[in-house]
Amino acid sequence: MKKIINDPTTVVDEALAGMAAAHADLLNVSYHPMYISRVDAPVAGQVALVSGGGSGHEPLHGGFVGAGMLAAACPGAIFTSPTPDQVIAAAQAVDGGAGVLLIVKNYTGDVLNFETAAELAEAEGIQVATVVVDDDVAVKDSTWTAGRRGVGGTVLLEKIAGAAAARGDDLAAVAAIATRVNQQVRSMGMALTPCTVPHSGEPSFTLADDEMEMGVGIHGEPGRERVKLTSADEIVATLLDSIVEDLPFAAGDKTLLFVNGMGATPLVELYLAYNCARKYLADKGIEVFRSLVGNYITSLEMQGCSITLLKLDDEFTELWDAPVHTAALRWGV
Amino acid sequence: MKKIINDPTTVVDEALAGMAAAHADLLNVSYHPMYISRVDAPVAGQVALVSGGGSGHEPLHGGFVGAGMLAAACPGAIFTSPTPDQVIAAAQAVDGGAGVLLIVKNYTGDVLNFETAAELAEAEGIQVATVVVDDDVAVKDSTWTAGRRGVGGTVLLEKIAGAAAARGDDLAAVAAIATRVNQQVRSMGMALTPCTVPHSGEPSFTLADDEMEMGVGIHGEPGRERVKLTSADEIVATLLDSIVEDLPFAAGDKTLLFVNGMGATPLVELYLAYNCARKYLADKGIEVFRSLVGNYITSLEMQGCSITLLKLDDEFTELWDAPVHTAALRWGV
Amino acid sequence: MTCTAETTVAAIKAVAATIAEHKAELSHLDREIGDGDHGENLAKGFTAVVAKLAANSPATPGAVLKLVATTLISTVGGASGPLFGTAFLRAATACADAPTLDAEQVAIALKAAVDGVVARGKAEIGDKTMVDALIPAADAARNAADAGGSIADVLTAAAKAGESGRVDTIALQARKGRASYLGERSIGHVDPGATSVTYLLQTLATSAAEG
Amino acid sequence: MTCTAETTVAAIKAVAATIAEHKAELSHLDREIGDGDHGENLAKGFTAVVAKLAANSPATPGAVLKLVATTLISTVGGASGPLFGTAFLRAATACADAPTLDAEQVAIALKAAVDGVVARGKAEIGDKTMVDALIPAADAARNAADAGGSIADVLTAAAKAGESGRVDTIALQARKGRASYLGERSIGHVDPGATSVTYLLQTLATSAAEG
Ligand SMILES: Nc1ncnc2c1ncn2[C@@H]1O[C@H](COP(=O)(O)OP(=O)(O)O)[C@@H](O)[C@H]1O
Ligand SMILES: Nc1ncnc2c1ncn2[C@@H]1O[C@H](COP(=O)(O)OP(=O)(O)O)[C@@H](O)[C@H]1O
Ligand SMILES: [Mg+2]
Ligand SMILES: [Mg+2]
Ligand SMILES: [Mg+2]
Ligand SMILES: [Mg+2]
């Protein structure tokens, strides 16, 4: 295992200290329990978005804390969901009286811990709503599984719901918009290489030099199937075939196309994949109206990419374009 | 070689097409000869910054084209400097009558090609000034080498000089500020893994599982020395020892600390390294007044990082804080 | 013997030692069909539990189990954190403030713990989770108690049944938790959570026999 | 024989073939002490040259060399682009619009090319660059011409001297170009540019001998 670290057991704490120092103008960090909150929280009268999950997906979620997006993020150990006490403390710290929306990626661990937290936070008198993100089309019918995973759609949902909260929508309205984003977004990912969790030191899976993993998750867990490495055009077509037919997306739809890197795939490959996706969607008459390309929801140093497609309406577009000021996404301010 | 590409010979063209599509609001792209220019170029009466170099360092330079930074970027083949005809065409396209500043990283290839271009552009009646960036302290005395390489300092120089051009400074003044940045900035990098140039298919060098390369460049070229992998604290201290003693930086100095990823190092490690650097500089009484953490000048999928330290004065700080609107750096707008 | 606060603390410390010992193995199993952190998650939690038990000395078995529960909930994370936490919490509630427990009470507490895991995680027998070890374990404990067995007999029976339920998970396709994402590729691997709960039961059994 | 536009075109095409053939080898050498693109850079350039020569038929050797120069400058990139480009440009200027060249003129053209490389790159003998092959080559060509040799004699002498200069680069520490960043670690590797110019000279010699 080759990493720039001091001690596998302190990676998250040290990285968090770095984030706090690098973005002191944006973020406050609490260590016991661990959460990141926007420096101006609580914002009175504004719904507060609280998300979280295992670490190792940076910039998700901490990089999205700030005006127009998340009020707080709760980082767990690497690839391990946070614990309820973190979520409760974060909710208490950022609740501006308008309630807290918990944004949870659909993994058993995250769901169970946030469920426990929600129960206890409500007991503390905090108004809580929860949205569970499950946009990963690689996972089959949920009667046979824990259900679809929350992946790239989470980034778009946090931005759009954050803008709704910033414009003053109440908890029910923000939760409704978040739920609607989850209904309109689909994603799928692939990996060329595994990643290595620091405290384990072992690659999360092994691939031959000519193999890739399609439908991979964001925790280095193996995906839907292992196939021979093919061209970028074929990779993108495989991902988009599943995405487009699932919603389904149809000719004339206006979309936001998000090409995401798993952490170790260079920008040149991501823009190349984005170009393949544009050609694919153009052939289907699907319009790309907004775009995001880069490493936003990652799996440590995994090589690979995921594609997320969101069906836009005017409200989503307006909320996407609204100002945001976080460490990882910033515009309009 | 595992990459998300279609054909090693068309990687740069396809990635550029993706960039053009993803950032149509910001960028125009010319393919023959190849250059990226800001969509509103030429800006009448404003000095135009033109940079360029081999591809594979994304977002450098194309990701820095836009208001407040570069007017144009000329991408060469991967790790190969662009050719003079690209630079001349770009200069002609973006010259707003106030002249063109060529920003060149100090590599023989880049210097020779930009030199040739400058001669020809001047022959075309364009006012040209050139600044050569050579901030890499890993390279020893230039009487024994081609001179220090241009690395991380290039990013800061392009931002600060771009802000000077945006505020209306004339060519001599912008060139003077760029030169002053180059005098006040120092960098050094290291690698945990090599990278693979698509058309070659071979790793740029080989490292044992317990080895790292200190003083590595950004072209996968080997560095100053190969040593055993150590802790993040030791790695950062080695880089900063060379950087701090070189300028030298002294207690009380206000600095901009830039921790850069080589492309495949996850953000969690970069923030951890940033934290190590903050502790190191605090011990020396050097103040970190501005910060940048992320993958901004990369070597394809190389794992590793570089540290860049710029001695700030009020003018540099004001120009750094000035609005910038590019694909990779954006604030204040 | 009967189960007191002291023997419960001793048993929990023994469990912490077992988990620490098998940490790498549990994470390895989790790498095969999950995300490779099960061993670390539990080890982190039980290390915290041992620290808590060093600082506090709860008066009853139930109070010990409650301290274990809250500590695991706030330190483990992942799926197993709330599940182990709920199990210990329900067991604690079942024990109420009884100063000591007999075999019958132990069987009841175990059943309550298992019901709690099922209620939280909504997994059924055959879903390839810790439930496949826990349900047979609770049933076997009940039978042993009805047969008038000692606490050691009850826990030994539970551990045996848990072990065979654990082995049965190898042939199963996961329908809950991360492993379910693998579909048929989850078949042929033993479930990490079923393994950790079996180690837990075995350790409780031995420390009851020794104690 | 004398050198005409036709024989020059033929020679350049032969050079393009040689470079294509040794592309991987040249990039491999460049990986050892550079950035691994020397072969690709030159192959790209000479492929473009061949295309240009298919579309145009310059009237004189000088015009052929000029076309080669401008094409290389606008297609190769890297250090070798401007250096090869300057070399061909200076040679073209030396040939002016002479319809044919004799051995003396070839030696003069070669000297002009080498002077151009030195002027652009500012490398000296011993810096471990293409200059270590080129300077001895130009000197040898001069001597062969003075001795009344044919064009083939002149180019063969140049190629021989270039080859030994190329081999000498192995022992040198680079002081120019990327390889210089390696300091002492550049010792023990042959310089890629010295190798490519030697291939170029050898190909010119053989095609002169055959032509
Ligand atoms: N819904 C569920 N009900 C019961 N047990 C479950 C459920 N989901 C997962 N588990 C158990 O949790 C174990 C994995 O725990 P762990 O690795 O610590 O959490 P995570 O999967 O979040 O990384 C599985 O082996 C399985 O036994
Ligand atoms: N200053 C210089 N003068 C002469 N030749 C040089 C100089 N710098 C580099 N070279 C030659 O260029 C060769 C490398 O060319 P190439 O790999 O195409 O360019 P780059 O180094 O930009 O990748 C070296 O092997 C060396 O022979
Ligand atoms: Mg986990
Ligand atoms: Mg090169
Ligand atoms: Mg796990
Ligand atoms: Mg090279």
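Only heavy atoms go into these numbers, but all of them, side chains included; no hydrogens, no water, no symmetry mates. A, B, ... follow the sequence lines: proteins, then strands. Residue 1 opens every chain.
When all heavy atoms of A:Ser299 and A:Gly217 are compared, the pair lying nearest together is OG-O, 4.0 Å. Smallest separation of non-hydrogen atoms from A:Gly63 and A:Thr326: O-OG1, 3.0 Å. Between B:Ala264 and B:Pro266 the shortest heavy-atom distance is O-CD, 3.5 Å. Heavy atoms only, all atoms of each residue included: A:Val227 and A:Met214 are closest at CG2-CG, 3.7 Å. Closest approach of B:Leu240 and B:Ile307 over heavy atoms only: CD2-CG2, 3.8 Å.
If you tally non-hydrogen atom pairs under 4.5 Å between each of B:Gly294, B:Ala232, B:Pro59 and chain A, the highest count goes to B:Ala232. Ranked by heavy-atom pairs shorter than 4.5 Å toward chain B, the options A:Ala15, A:Ala327, A:Gly304 are led by A:Ala15. Ranked by heavy-atom pairs under 4.5 Å with chain B, the list A:Leu16, A:Leu270, A:Val268 is led by A:Val268. Interface check for chain A: of the options B:Met262, B:Met212, B:Met1, B:Met19, the most heavy-atom pairs under 4.5 Å are formed by B:Met19. Annotation: maximal heavy-atom pairing with chain A below 4.5 Å, among B:Asp209, B:Val259, B:Asn295, occurs at B:Asp209. For the set B:Glu58, B:Glu269, B:Glu14, the entry with the most heavy-atom pairs within less than 4.5 Å of chain A is B:Glu269. In terms of non-hydrogen atom pairs under 4.5 Å with chain B, the most contact-rich of A:His23, A:Glu234, A:Met190 is A:His23. For the options B:Arg278, B:Lys279, B:Lys3, heavy-atom pairs under 4.5 Å to chain A are most numerous at B:Lys3. Most heavy-atom pairs under 4.5 Å with chain A, from the set B:Thr10, B:Asp13, B:Val11: that is B:Val11. For chain B, the option among A:Ala17, A:Gly263, A:Ala22 with the highest count of heavy-atom pairs below 4.5 Å is A:Ala22.
With a 4.5 Å cut-off on non-hydrogen atoms, A:Asp25 does not touch chain B at all. For A:His57, no part lies near chain B; criterion is any non-hydrogen pair under 4.5 Å. When heavy atoms are compared at a cutoff of 4.5 Å, A:Gln303 approaches chain B solely by way of its side chain, counted from C-beta outward. Looking at A:Asn6, the atoms closer than 4.5 Å to chain B (heavy atoms on both sides) sit in the backbone and in the side chain alike. For B:Asp7, no part lies under 4.5 angstrom from a heavy atom of chain A. Heavy atoms closer than 4.5 Å to chain B are found nowhere in A:Ala328, neither backbone nor side chain. Only the side chain of A:Leu229 comes within less than 4.5 Å of a heavy atom of chain B; its backbone N, CA, C and O stay farther away. Contact of B:Cys276 with chain A is made through the side chain alone, with heavy-atom distances under 4.5 Å.
Note that CE of A:Met69 and CZ of A:Phe64 are 5.0 Å apart. Values are rounded to the nearest 0.5 Å.
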- Item | Audit row: B:Leu309, B:Leu257, side chain to side chain contact (heavy atoms under 4.5 Å, CB included) steps and yes/no | CA-CA 5 Å; B:Leu309 200 61; B:Leu257 171 60; 4.1 Å; yes
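Residues B:Tyr280 and B:Asp233 bring no donor and acceptor atom of their side chains to less than 3.5 Å of each other.
No salt bridge links B:Lys2 with B:Glu301; every basic N to acidic carboxylate O contact stays at or beyond 4.0 Å.
Sorted by first and then second residue, the ring pair (Phe, Tyr, Trp, His ring centres under 6.0 Å) pairs with a member in residues 190-216 of chain B form an empty list; sequence neighbours excluded.
A:Ala77 is linked by a side-chain contact (heavy atoms from CB on, under 4.5 Å) to A:Thr80, C:Lys44, counting only residues two or more places apart in sequence or in another chain. Residues satisfying the side-chain contact (heavy atoms from CB on, under 4.5 Å) test with A:Ser51, not counting sequence neighbours, are A:His61, A:Leu70, A:Ile103, A:Glu158.
A distance-only check finds a donor-acceptor pair linking the side chain of B:Ser55 to the backbone of B:Gly76 [under 3.5 Å]. For B:Ser204 (side chain) and B:Pro194 (main-chain N/O), no donor-acceptor pair under 3.5 Å exists by modelled atom type. Looking at A:Trp331, its side chain does come within 3.5 Å of a backbone N or O of A:Ala322 through a donor-acceptor pair.
Inspection of non-hydrogen atoms places A:Ser291 of residues 282-291 of chain A under 4.5 Å from chain B.
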